[in-house]
Structures are given as C-alpha cells and as structure tokens.
Amino acid sequence: MELIITEKDNAARRIADILSGGTYDSSRQNGVNVYEWGGKRCVGLSGHVVGVDFPPEYSDWRDVEPVELIDASVEKTPTKENIVATLRILARKAERATIATDYDREGELIGKEAYEIVRDVNDDIPIRRVRFSSITENEVQNAFDEPDDLDFDLAAAGEARQIIDLVWGAALTRFLSLSAGQLGNDFISVGRVQSPTLKLIVDREREIEAFDPEDYWELFADLGKSDDGDAFEAQYFYRDDDDNEAERVWDEGTAESVFEDLSSRDQATVVDVNGRTRTDAPPTPFNTTQFIRAAGALGYSAQRAMSIAEDLYTAGYMTYPRTDNTVYPDDLEPDDLLDEFVGHPTLGEDAESLLEADEIVPTEGDEETTDHPPIHPTGEIPSRGDVSDDEWEIYELVVRRFYATVADAAVWEHLKVVAEAGDHRLKANGKRLVEPGYHEVYPYFSTSENYVPAVDEGETLTLSDVELEEKQTQPPRRYGQSRLIETMEDMGIGTKSTRHNTLEKLYDRGYIEGDPPRPTRLAMAVVDAAERYADRVVSEEMTAQLEDDMDAIANGDAGLEDVTDESREMLEAIFEELANSREEIGDHLRKSLKDDKRLGPCPECGEDLLVRQSRHGSYFIGCDGYPDCEFTLPLPSTGKPLILEAECDEHGLHEVKMLAGRQTFVHGCPLCKAEDAGEGPVIGDCPDCADEHGGELAIKTLQSGSRLVGCTRYPDCEYSLPLPRRGEIEVTEMTCDEHDLPELVVHSGDEPWELGCPICNYQEFQARESESGSDLEALDGVGAKTVEKLADAGIESLDDLTDADPDDVAADVDGISADRIRTWQAEA
DNA sequence: GCAAGGTC
C-alpha cells in the first residue's frame, strides 16, 4: 500500500480524484479524511502538525530569567495529535510513502515533519517527494511519474527560522512583560514580523504628531470657448525656483494680488495645447496581497476578505487564496475558463465579448513562483442563492479580475491646455476614455473623465468665476490595512498566509486601534524601547539577514547550527545591554499603559479617571486618587474598553469604544452616558421643527424601557421614530445623504444589525407594513435593493411580476436583465 | 501564557 501525504485535506481529495480517475472511496479516522483506491491511500495534514517550544521547566515566566531562554533547548511536539496518530497508523501499514505537500519552503518543512512521523513507526519503507505548483491533471500526473527526494537542506532552512523566531520572540516578550509587570493576558509581545510592522505604523504616527501645517492658497477660474456656454475649470500656476510648474501660492499677499488681477479680466488666450494618447494596461493576475488590496477598496478588512476567500475556495469556486504567484500556469486555458461563464445571467455577457477576441493572451505580473497559481475562478459557478451577498461580491471581484487579465488595454486621451491672462497662466487637464478596454469587464477602477474642449493655440477664451481657496498642508496619512500588507510584502516580512493575521495580532495586543490603524501609547513605548536596545527586532534587516541565512542553509553553504548559534550570540549581546535598563524600560512601559487608560479629569477631585478592572474581571472607570476619591462610572458589560481620540466637549473626557469582535460599538463619553441614562446623544436636526425652533433629534430611553429617536423639544414637538428595544445602539460616522442623520447599528446577539438612517428605516418599515409587497424577496437572489428597483418599474408583488413583459422591465431597471426576470417568472 | 508559520 502506498501512502500519499498532502498539506491539507482539500489537496488530498483533489489528488485522490485525479490519480483514481474519480473512483476513490473516502472514510474518516480520528476525524481525519482518508481517501483510498487501488492500493493507495491519501491523507491531508493541516499545515504544521508539530510545533517548536522550550522544555516544560522553562514555562513559568517568573521562575526563569528571560535570558536563559537563549540557550534553552528547543523541542518539537505534536500539535495536531489526532492527525499525527492517524498518520502513524497509516504509515505502519504502508509499503511506500509519498510526500505531496505544497511546493515551497514551508511545504518542504511540513513534508519533513511527516517524514519523521512515518520513519518513526516504519524505518525501512521508501519515502519520496513529489512537487507540483497547481493541482491539475497534467501537473499531478507528471509529478507522480517522476518522483524526487525530500530536500532536507531546504527543510532545515525553515527549522532555523522556527528556532530563531521562538528564541528572540519569547526572550524579548518575557523581558518586556516582566519589566512592566504585565503577566496575565496583557503581556507585551515582540517579534521578527510584528515589531517591524508596528514600527511602520508608529513611525508614521510620529510624523503626524510632528507635523506643522502650513497655509497656502490655490486659484481656480472657469474658461470657455466664446461660441458655446460649456465652461471648464482651470487652475492658476507659476514657475517655481526650479522652473517646475507650481500651483500652491505660499504668500497670502501674492495670492490676493493674482486674484485681483485675474478677477479684473474676462478673457484669456490659449498659449499651449498638448494632446497625447495613453495606454492603460489591464491589471495582472491576483496574488494574495493584490486581492486583499482590491477587496479593501470595496470596504472589506484584510481579515474578512481572506476569510471569505477561504470559504469560496473550500466550496470549490475559486483557487487557493494564499499565493505569491502572479503568472498563470501554462495549463490554464483562458478560453475554456471563459466558456464556463457563457450564458450566465450576470457574468455571461462579458465572457462572451472577451471570447470574440482573435487571440487571448493573459497579463503577467513580476512574481512567478511554484507555490500555487494566481487566484482565479475555477469555472464552477455558485448560484446566487448559495452564497451570501458579501461572498458573491468577492466572487464576482475574482471573476472580473480574471476577465480583466485577458481583456484589452484601455486608451485615454489627455489634453492639456494652458491659457494666459495678463501675466498669469492657467492650465486645464482634460482626459477622456476613448477605448474602455478592460474597464468594461472590471468596473472597480475609476474611469471618470474631465471635460476640456478642443481649442487652438492663439484662441481667445472667456474667463470667469475666479476663486481663491485658502488651504493648509496636510500631515501624511495613516497606512490603511491593505497598504500595510503591501508594504510588508515590499519589505519582505511575513508571508502570503500570515500578513493579514499579523495586523489582527497587533489589534488584539492593544497596539493599534481603528481603521486605518492608529498606534496606542503602549505601542509607541514598545517601539521606542526596542529601537533603543534591540534595534534588530524592529527592523526589516532581521528578516533580510534571515532570508540570506536560510538560502545558505538550503544551498548547503551553511549548517542550521551555524546560523542559529550566531543569532543566539547577537541576542546575548542585546540582553547584556538590557540588564542595566530593566527598571527604566519598565517605568516607561507602565506610564504608557496608564496613558492608554486615561480618560480625563475626575469631576470630583481633578485627578485622572482611568479604566480599571474589578476583581471579577469586569471593567469600570475609577479615579487615580482612590482611595481618597471614590468616584466611579460604569461601563457596558460586553467587550474590552478602548479609549478613542475623540473628547467630549462637555466633560473633557475621551470617548470609549467597546471591543467585542463583530459586536464592537462606540459607548461614547461615560459621564454623559451616566448622566442621561434617559436622554442619549443628539444625532441631528428635527425635520419638523429645526428651522423654526431649532429642535434636535436625540436617542431616548423611556421609563417603560422602550427607545426612540425623538425631538429634544418634546412635548412641544412630538416628532419621533421607533427604535428596537434590545441591544446597544451605535451611532456611526456614516450619514444618510437624504436626511443628514447618522446611520445606526444595533448590537445584540451575534450579528450587528445595520439599522441605517432612522428615517429611512422607518419609511421602509411602513412600506413593508402597508404594501406587503415584499413577497418578491422570496425569489432567488432578490433583496431589499432589488425590490426597490423593481418598485420603480411599477412591480410591487409577485403578481405584478408574472404579468410584466421582461424586456420592458429590463429597459426600465438598471442592472436587471430580461433573462433574470424570466427566471423569476418561472420561479414565481 | 512567549514567535511565526502552516491550516479551518
């Protein structure tokens, strides 16, 4: 019997399918799937099934000096015991074993872990290694036709990384935690990947804090051809000292005199017209980072995007989402894949138009790796009802990205016009999309045009509406999540599988908060201390060096011990420096921890109010002057409090956010909350009486416990909107364009409920009540938005739908095809 | 209980 071992269950099943021609049987042992056919068994691991750690005598943080960890031995122990046990049983019965883990360094190490488990119970069977970079018939067959041996040097390179990461991470983490007296759940962590990432965020924050804004002015005017009314906007510019075009005027007097002069004129003469054509190449195939970035532009966090991608992968709709590769493999046939989408109600039309091209040549990125193919759809298409709205949106993104990579380039025409008015010059940059190319199948990039008419040199234009705008230079912007992940990739830290988790870790550790992430005082102190005493651990150099060392091990130029010994010596030297500064570092960290808990002045004694934890673990707000001052304020019972930048105008206290995973919500100023247990925050103007009497809407809780949005002038104004009785109500920063009120989110149970603008919500509620037209929602893939669209076309019920002419409706409604309507009619 | 890397 031959035993085939893969890195994950999914790969085991697909390989069994290919090698058995679909005839395999599957069974379950110890909760592990085993696929069996004609004398072969195939089993999937779950990544690493053993992990590295120190021996148990090092496990008590207080009994062991952190420095002792440097020379402690490092042991391997099973972490997935059921998988290891199953593997041992299967290996005993095997006559040959084949390692088929992923084709990358970590895969080689996981393969070696499997090798050792097999060898341990069966010391003479042959163990071979097969390598393939995508699980397709061709690649897998070829790999099994020409098996190779395990590359122990490559695996050793991975082991060196494991040891160095553990020793540095554990020793420094324990040192900082012990010096600050943080031993419970709130230890202070440091690591080769997380710390340089944190430094990136902290460095940017330092720039922001040090930023000194400067005033400047910009001038705009409308230009127009004298024969028609269509004006276009132009901006004033001048030549700076380096003879570059500059738009910002740094002196107010100058700005005003330019303004006066331009305002006194009504004509400008065209002095330069410059048209050029620009090709806008289609994007390259998705690797993990670029996928996260594109999903980020649709509003998905890195973590959420990856979690959805994993679900779509497991369900068979798209390829493996963790990949560095941006070059499609040879055996991906774009035509065949496009064919799978032909006839699909929403994705079919674009596939058909792409298939009309004479030749289909996909784009290629710079990274060609052996790990997995770039992310693309498999050709198995989920039906709209099988997946959630978010899953569908991500799926469509992946499909359309694939479309874009086989589509034509777009072509833009740029037109720059410079006109002169007196001594001053104005310029306008027009752009027009003349060939939409890939934008037609990939609508995620902006294609907005800027109108500038064709003019001739020497032509006289009208000049009007001169505007002078006072502005200020802005501090650099914080990194967003996807920007951070891209930067990590550029710096070479983390991997395709871990970068998004690293960010999540920084959130969990209390180092960053919000989106874009902002560092806490603790984070700044940790980076500070590391920079001063252990610069390597916050620099990308450590990874760069490690990569070089790992290459040396993999090439046989160095041994694992050479590399780990040298690394241990460096850490030893760091600890010699640290020993003298333990107290100073501890003081600084403790002070920063306190800063992160400080809300503002106590209303009774003026000392600091701090977030505290009771003996039972619940959070409350207490005074730093305790026991002299016993002032306290309550906090909600769910979640972990986080102090926001925003301060309450009335009490000078920072607002509080309760972190509770998906149930996270903003609690606000705790003193306001306590004072108006009855009357909550004002959220906007009262639509009935704001103009006449200045009434405002507030969230109120009545004696009865029921809640509503009501006018602050009650009982003089009785305007009110209902709110649900249960759950914390979060007032978000998003506002409804129509009613100028914030969107509300209700937190109760598992899923936060996005109630939205309270007026819109009430109107929808009334509409549902009076029309009961929502029986349309019973149809496959029809949600509230579609119901609204259909209502615009006069379709308010299933009866209306069955009577309607699909082509008429499709013409009336944006984004709903006649075919889709016919499908619904059949369903109805 | 520490890291980072797999995978779910």
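The sequence lines fix the lettering, A, B, ..., with proteins before strands; numbering per chain opens at 1.
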J.: Look at atom CZ of R590(A) and say whether more than 12 heavy atoms of other residues, nucleotides or ligands are closer to it than 6.0 Å.
T.: yes

J.: Before accepting this row, confirm whether a basic side-chain N of the pair K199(A)/E540(A) lies closer than 4.0 Å to the acidic partner's carboxylate O.
T.: no

J.: Any N or O donor-acceptor pair under 3.5 Å from the base of dC2(B) to the side chain of S189(A)?
T.: no

J.: Touch check for D60(A), heavy atoms < 4.0 angstrom, all strands: base, sugar-phosphate only, or nothing?
T.: base

J.: Name the nucleic acid region contacted by E310(A), choosing base, sugar-phosphate or nothing; use a 4.0 angstrom heavy-atom cut-off, strictly under.
T.: sugar-phosphate

J.: Would you classify G44(A) as touching base, sugar-phosphate or nothing, given that sugar-phosphate means primed atoms plus P, OP1 and OP2, and contacts are heavy atoms under 4.0 Å?
T.: nothing

J.: Pick base, sugar-phosphate or nothing for Y58(A), based on heavy-atom distances below 4.0 Å to the nucleic acid.
T.: nothing

J.: Between dA3(B), dG6(B), dC2(B), which one does the side chain of H48(A) approach most closely?
T.: dG6(B)

J.: Just call it for R499(A): base, sugar-phosphate, or nothing, with non-hydrogen atoms closer than 4.0 Å on any strand.
T.: nothing

J.: Look at the side chain of K8(A) and decide which nucleotide, out of dG6(B), dA3(B), dT7(B), has an atom nearest to it.
T.: dT7(B)

J.: Determine the contact category for S59(A): base if any of its heavy atoms lies under 4.0 Å from a base atom, sugar-phosphate if only primed atoms, P, OP1 or OP2 are that close, otherwise nothing.
T.: base

J.: Under 4.0 angstrom, heavy atoms only, what part of the nucleic acid is R192(A) near: base, sugar-phosphate, or nothing?
T.: sugar-phosphate

J.: Is any side-chain N or O of D53(A) under 3.5 Å from a base N or O of dC2(B), one able to act as donor and the other as acceptor?
T.: yes

J.: When you measure from the side chain of A170(A), which nucleotide among dG6(B), dA4(B), dC2(B) comes out closest?
T.: dC2(B)

J.: Decide yes or no on side-chain contact (heavy atoms from CB on, under 4.5 Å) for K591(A) and D587(A), but give the supporting numbers first.
T.: CA-CA 6 Å; K591(A) 183 181 170 300; D587(A) 286 346; over 6 Å; no

J.: L69(A) side chain: which of dG5(B), dT7(B), dC2(B) is closest?
T.: dC2(B)

J.: If you pin R62(A) and E7(A) to their nearest nucleotides in DNA chain B, which one's is more 5'?
T.: R62(A)

J.: Of all the choices, dC2(B), dT7(B), dG6(B), which nucleotide is nearest to the side chain of R322(A) once you look at every atom?
T.: dT7(B)

J.: Counting side-chain heavy atoms from C-beta on, which of dA3(B), dC2(B), dG5(B) comes nearest to K505(A)?
T.: dA3(B)

J.: Nearest-nucleotide wise, let me know which of Q182(A) and D104(A) is further upstream toward the 5' end of DNA chain B.
T.: Q182(A)

J.: Between D596(A) and T520(A), is there a donor-acceptor pair closer than 3.5 Å when you use the side chain of the first and the backbone of the second?
T.: no

J.: Using a cut-off of 4.0 Å on non-hydrogen atoms, how would the nucleic acid contact of W61(A) be classed: base, sugar-phosphate, or nothing?
T.: base

J.: Remember a base hit wins even if backbone is also touched, and classify V52(A) as base, sugar-phosphate or nothing at under 4.0 Å, heavy atoms.
T.: base

J.: Picking from dG6(B), dA4(B), dT7(B), which would you name as closest to the side chain of K80(A)?
T.: dG6(B)

J.: Looking at dA3(B), dC8(B), dG5(B), which one has an atom nearest to any side-chain atom of T173(A)?
T.: dA3(B)

J.: Please find the pair of heavy atoms, one from N325(A) and one from H372(A), that lie closest to each other, and give the distance.
T.: CB-O, 3.1 Å

J.: Take atom CG of N82(A) and atom P of dT7(B), then tell me their distance rounded to the nearest Å.
T.: 17 Å

J.: Can you tell whether the side chains of K112(A) and E108(A) come within less than 4.0 Å, N to carboxylate O?
T.: no

